[in-house]
Amino acid sequence: MQENQLFPVFFKLHRLHVLVVGGGNIGLEKANAMLQNCPDGNITVVALHFLPELEDIARKFPNVTLVQKPFSCGDLLGKDLVIAATNDRALNYCIWEKAKGSKVLINVADTPELCDFYLGSVVQKGNLKIAISTNGKSPTVAKRLKQVLQEAIPDTLDEVLNKLYIIRDKLKGDFTAKVKQLNTITDVLVRGENEKSA
Ligand SMILES: C[C@@]1(CC(=O)O)C2=NC(=C\c3[nH]c(c(CCC(=O)O)c3CC(=O)O)Cc3[nH]c(c(CC(=O)O)c3CCC(=O)O)/C=C3\N/C(=C\2)[C@@H](CCC(=O)O)[C@]3(C)CC(=O)O)/[C@H]1CCC(=O)O
Ligand SMILES: NC(=O)c1ccc[n+]([C@@H]2O[C@H](COP(=O)([O-])OP(=O)(O)OC[C@H]3O[C@@H](n4cnc5c(N)ncnc54)[C@H](O)[C@@H]3O)[C@@H](O)[C@H]2O)c1
């Protein structure tokens, strides 16, 4: 079986600055995906034209800036991540070249082979977040799996996380002892009732 070799990380987008080039459907979709996760994310969108939905977003989110102009190399200055989402393949390739030259991580929306990273499909329950990738094989399956997990994970799990956070703070002893106690308390999460009594 082929393995997915992508390494998932969770970015703090309010501490980074993302450049999106393209203000059409895909630019909107990617900006929306980021803002759903991180409403304080810093995003600059550069495009010749913007969908009205993006203009609404820029009004609603003070950290989203729209710049109406053709892409130029200087747009990469001070950016940590780039998403190229124009309808011009040659331009997307040029943005990729410039980003690589500037050591900025880039996602070219329609070209997996030019992506340093993929956006994931995201399950969210309070503090819990699960990011799903199908290794680029089927974003639709990633979306469906997200829907299944969103339903399956109980809302009360967030209470569990908050309680464990308090307990974690109060536990005494050295690191190894704390880890042991936390594992004992949470054992119930991975073992069924029958297994416990056996
Ligand atoms: C997860 C999600 C995150 C997000 O974008 O927010 C995401 N795509 C989503 C949806 C979606 N995208 C597409 C469809 C149409 C049906 C289909 O093709 O399945 C749907 C479904 C829909 O919209 O219903 C079209 C599409 N997508 C890519 C290509 C190019 C190619 O594959 O060659 C094409 C063909 C373009 C064409 O044919 O012209 C490429 C990528 N899309 C990825 C992520 C990365 C791989 C993630 C992974 O490893 O699974 C990757 C590689 C790069 C990237 O874009 O980061 C988001 C789920 C939203 C949710 O959770 O609700
Ligand atoms: N990865 C994915 O999920 C996915 C899915 C479907 C399509 N795509 C591809 O993504 C691309 C974009 O699709 P779309 O629907 O958003 O297109 P669109 O036509 O709605 O938007 C294109 C955007 O690019 C901007 N643009 C064009 N030239 C520019 C320049 N020189 N400088 C700055 N901005 C410029 C336009 O102003 C516009 O805002 C298409 O090529 C499509 O094949 C990707």
Side-chain angles (χ1 to χ4, degrees), residues 1-11 13 16-39 41 43-59 61 64-77 79-100 102 104-125 128-153:
M1 191 175 18
Q2 190 190 348
E3 299 292 328
N4 181 330
Q5 299 197 348
L6 297 164
F7 180 64
V9 293
F10 293 86
F11 285 120
L13 288 187
L16 301 175
H17 198 151
V18 185
L19 171 70
V20 177
V21 190
N25 300 303
I26 303 303
L28 171 67
E29 185 184 295
K30 303 299 178 191
N32 252 333
M34 289 186 278
L35 291 166
Q36 265 169 31
N37 282 279
C38 186
I43 303 174
T44 296
V45 190
V46 169
L48 304 177
H49 303 287
F50 298 100
L51 283 178
E53 291 93 325
L54 262 170
E55 286 166 349
D56 291 343
I57 283 177
R59 274 190 285 273
F61 295 90
V64 176
T65 308
L66 306 188
V67 185
Q68 189 163 19
K69 69 173 212 37
F71 168 78
S72 64
C73 207
D75 298 330
L76 291 168
L77 279 176
K79 305 303 188 302
D80 301 290
L81 301 172
V82 182
I83 298 182
T86 77
N87 50 358
D88 179 341
R89 271 193 168 268
L91 173 62
N92 285 343
Y93 187 79
C94 167
I95 299 169
W96 175 80
E97 278 186 321
K98 306 273 189 256
K100 296 317 287 175
S102 308
V104 181
L105 297 179
I106 180 160
N107 170 299
V108 181
D110 58 347
T111 318
E113 53 290 5
L114 294 185
C115 287
D116 292 326
F117 62 93
Y118 294 160
L119 278 76
S121 196
V122 178
V123 182
Q124 201 156 355
K125 278 271 153 104
L128 181 77
K129 182 165 281 183
I130 304 172
I132 303 165
S133 160
T134 64
N135 215 8
K137 297 284 183 204
S138 174
T140 300
V141 168
K143 181 182 72 177
R144 290 304 188 196
L145 199 50
K146 168 192 81 178
Q147 290 165 339
V148 170
L149 292 177
Q150 191 76 44
E151 281 287 306
I153 296 168

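Both counts, for ligands and for their atoms, begin at 1 and track the order of listing. Computed from a prediction, not measured in an experiment: that's the story for all the values here. Residues: numbered from 1 along the sequence shown.
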key: Minimum heavy-atom distance Asn135-Gln5, with the two atoms named   = OD1-N, 4.4 Å

Treating [X] as the side-chain partner and [Y] as the backbone partner, does any N or O pair qualify as donor plus acceptor under 3.5 Å?
{"X": "Asn107", "Y": "Phe117", "answer": "yes"}
{"X": "Asp80", "Y": "His17", "answer": "yes"}
{"X": "Lys30", "Y": "Val20", "answer": "no"}

Starting from [atom], locate the nearest protein heavy atom and write down its residue, its atom name and how far away it is, to 0.1 Å.
{"atom": "atom 15 (O) of ligand 2", "answer": "Asn25 ND2, 3.1 Å"}
{"atom": "atom 32 (N) of ligand 2", "answer": "Phe71 N, 2.9 Å"}
{"atom": "atom 2 (C) of ligand 2", "answer": "Ala109 O, 3.5 Å"}
{"atom": "atom 18 (P) of ligand 2", "answer": "Gly24 CA, 3.9 Å"}
{"atom": "atom 43 (O) of ligand 2", "answer": "Asp110 OD2, 3.8 Å"}
{"atom": "atom 25 (C) of ligand 2", "answer": "Gly22 CA, 3.9 Å"}
{"atom": "atom 28 (N) of ligand 2", "answer": "Leu48 CD1, 3.6 Å"}
{"atom": "atom 27 (C) of ligand 2", "answer": "Asn87 OD1, 3.3 Å"}

Within-4.5 Å side-chain heavy-atom neighbours: [X] and [Y]:
{"X": "Leu19", "Y": "Ile95", "value": "no"}
{"X": "Leu149", "Y": "Ile132", "value": "yes"}
{"X": "Ile106", "Y": "Lys98", "value": "no"}
{"X": "Leu28", "Y": "Ile57", "value": "yes"}

Report every pair formed by an N or O atom of ligand 1 and a protein N or O atom separated by less than 3.5 Å, giving atom names and the distance to 0.1 Å.
| from | atom 1 | to | atom 2 | distance (Å) |
| --- | --- | --- | --- | --- |
| ligand 1 | 5 (O) | Lys30 | NZ | 2.6 |
| ligand 1 | 19 (O) | Thr140 | N | 3.3 |
| ligand 1 | 19 (O) | Thr140 | OG1 | 2.7 |
| ligand 1 | 24 (O) | Lys143 | NZ | 2.6 |
| ligand 1 | 49 (O) | Ser133 | OG | 2.8 |
| ligand 1 | 49 (O) | Thr134 | N | 3.1 |
| ligand 1 | 49 (O) | Asn135 | N | 3.2 |
| ligand 1 | 49 (O) | Gly136 | N | 2.8 |
| ligand 1 | 50 (O) | Thr134 | N | 2.9 |
| ligand 1 | 50 (O) | Thr134 | OG1 | 2.7 |
| ligand 1 | 55 (O) | Lys30 | NZ | 2.8 |
| ligand 1 | 56 (O) | Asn107 | ND2 | 2.8 |
| ligand 1 | 56 (O) | Leu119 | N | 2.9 |
| ligand 1 | 61 (O) | Ser121 | OG | 2.3 |
| ligand 1 | 61 (O) | Lys146 | NZ | 3.1 |
| ligand 1 | 62 (O) | Lys146 | NZ | 2.6 |

query = So between Lys30, His49, Gln68, whose heavy atom ends up nearest atom 3 (O) of ligand 2?
reply =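 Residue with the shortest heavy-atom distance to the ligand atom: Lys30.
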
query = Out of Ile26, Asp75, Leu91, who gets a non-hydrogen atom closest to atom 29 (C) of ligand 2?
reply =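 Of the listed residues, Leu91 has the closest heavy atom.
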
message = If you count heavy atoms of other groups shown closer than 6.0 angstrom to CD of Glu113, is the number above 12?
response = yes

ask   = Is Lys129 atom NZ crowded by more than 12 heavy atoms from other residues, nucleotides or ligands, each under 6.0 Å away?
value = yes

ask   = Are Lys69 and Asp75 close enough for a salt bridge, meaning some N to O gap below 4.0 Å?
value = yes

Ligand 2 atoms in contact with [X] (distance to a heavy atom under 4.0 Å):
{"X": "Ala85", "value": "12 (C)"}
{"X": "Lys69", "value": "33 (C)"}
{"X": "Pro70", "value": "32 (N)"}

request  = Please check if any side-chain donor atom of Thr111 sits under 3.5 Å from a side-chain acceptor atom of Asn92, or the reverse.
outcome  = no

